[in-house]
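As structure tokens, the structure follows; a few thoughts come after it.
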Amino acid sequence: MKKTESFFLDVYEVVRLIPKGRVSSYGAIARYLGTGKSARMVGWAMNAAHDQKPKVPAHRVVNRNGMLSGKMHFSDPDKMQQLLEKEGITVNDDQVINFSSLCWDPSIELG
DNA sequence: CGATTGACGTACG
DNA sequence: TCGTACGCCAATC
């Protein structure tokens, strides 16, 4: 069984579940998937998210600080912030404002 | 097969 | 508050 593959798909699935106008963190997703400390694997999965047919809203995934650490990996660095602002999320200095309230933790929201 | 890297997070000083 | 160090695990060199 391709463990890594299911892990990637699982990450994409969770990311798609992030409601519009909300954001999540790599660590929160990692913990929900059971990887726990391996939040890097979530980011690594995101690296391949561009190739996914169902478009993955990777712009809704930021680090635990609410900083757009992955903006540079988008087609255009500013695209990520534009998408977030388009959904009603305020971004300043590559950082999500009021992130604490906007943080969408799957381990909590999904139960 | 060993060393390096990385869209992270926590710990320590 | 900020910078450095370490762990985590898979992919890449």
Side-chain angles (χ1 to χ4, degrees):
Chain A
M1 194 64 178
K2 300 172 184 175
K3 184 172 62 177
T4 53
E5 183 174 328
S6 63
F7 173 76
F8 274 48
L9 295 175
D10 204 352
V11 172
Y12 303 145
E13 183 177 1
V14 174
V15 174
R16 294 193 201 99
L17 291 175
I18 301 174
K20 181 181 178 182
R22 288 303 247 358
V23 291
S24 186
S25 62
Y26 304 97
I29 295 171
R31 187 174 54 178
Y32 173 72
L33 295 177
T35 52
K37 302 168 184 176
S38 303
R40 293 186 167 182
M41 298 300 92
V42 177
W44 201 258
M46 293 277 96
N47 209 343
H50 294 284
D51 193 22
Q52 293 304 308
K53 303 304 180 185
K55 193 173 167 188
V56 180
H59 59 275
R60 292 179 185 161
V61 184
V62 296
N63 65 1
R64 96 101 191 161
N65 190 27
M67 188 173 180
L68 280 59
S69 53
K71 58 172 289 186
M72 62 182 75
H73 290 274
F74 278 73
S75 57
D76 289 327
D78 294 339
K79 187 67 173 300
M80 187 173 184
Q81 181 172 339
Q82 290 176 6
L83 290 171
L84 290 172
E85 290 180 340
K86 186 176 181 182
E87 295 183 355
I89 299 173
T90 304
V91 179
N92 190 340
D93 191 19
D94 298 339
Q95 185 174 315
V96 177
I97 304 301
N98 197 14
F99 173 74
S100 300
S101 298
L102 295 174
C103 183
W104 185 83
D105 190 336
S107 62
I108 297 174
E109 301 294 336
L110 297 179

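Here is how names work: the chains are called A, B, and so on, in the same order as the sequence lines, proteins then strands, and each is numbered from 1. The shown structure was predicted, so the numbers you read here are calculated from the model rather than taken from an experiment. Below, all heavy atoms of this structure are taken into account, side chains as well, without hydrogens, waters or symmetry copies.
The separation between A:Tyr26 atom OH and C:dG7 atom P is 24 Å, rounded to whole Å. Look at CZ on A:Phe8: it is 10 Å from P on C:dA10, rounded to the nearest Å.
Among the nucleotides B:dG9, B:dA7, C:dC8, the one closest to the side chain of A:Lys37 is C:dC8.
Remark: the backbone N or O of A:Asn65 is paired with a side-chain donor or acceptor of A:Asn63 at under 3.5 angstrom.
Counting heavy atoms from C-beta outward, A:Arg60 and A:Leu83 have side chains that stay 4.5 Å or more apart.
Separation of the P atoms belonging to C:dA5 and B:dT4 is 16 Å when rounded to the nearest angstrom. Taking atom C1' on both C:dC2 and B:dA7, the two are 22 Å apart, rounded to the nearest angstrom.
Shown here are the side chain to side chain donor-acceptor pair (under 3.5 Å) partners of A:Asp105, two or more places apart in sequence or in another chain: A:Arg31, A:Ser107. Every residue was checked against the side chain to side chain donor-acceptor pair (under 3.5 Å) condition with A:Ser100, not counting sequence neighbours, and none meets it.
Residue A:Ile18 is grouped with residue A:Leu9 when hydrophobic side chains (ILVMFWY) are merged at heavy-atom distances under 4.5 angstrom, including chains of intermediate members.
Residues from residues 41-67 of chain A with heavy atoms under 4.0 angstrom of DNA chain C, sorted by number: A:Met41, A:Trp44. Listed in residue order, the members of residues 77-104 of chain A having a heavy atom less than 4.0 Å from DNA chain B come to none.
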Output a table of nitrogen or oxygen pairs between the protein and nucleotides 1-6 of chain C separated by less than 3.5 Å.
none

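Interatomic distance, CG of A:Leu17 versus CD of A:Glu109, reported as 11.0 Å (0.5 Å rounding). Rounded to the nearest 0.5 angstrom, A:Lys86 NZ and A:Lys79 NZ are separated by 8.5 Å. Within the model, atoms NE2 of A:His50 and NE2 of A:His73 stand 8.0 Å from one another, a figure rounded to the nearest 0.5 Å. The distance from atom CD of A:Glu85 to atom CG of A:Asn92, rounded to the nearest 0.5 Å, is 9.0 Å. A distance of 9.0 Å separates CZ in A:Phe8 from CE in A:Met46, rounded to the nearest 0.5 Å.
Residue A:Phe99 shares its hydrophobic cluster (ILVMFWY side chains chained together at separations under 4.5 Å) with A:Val23, A:Val62, A:Leu68, A:Phe74, A:Met80, A:Leu84, A:Ile89, A:Val91, A:Val96, A:Leu102.
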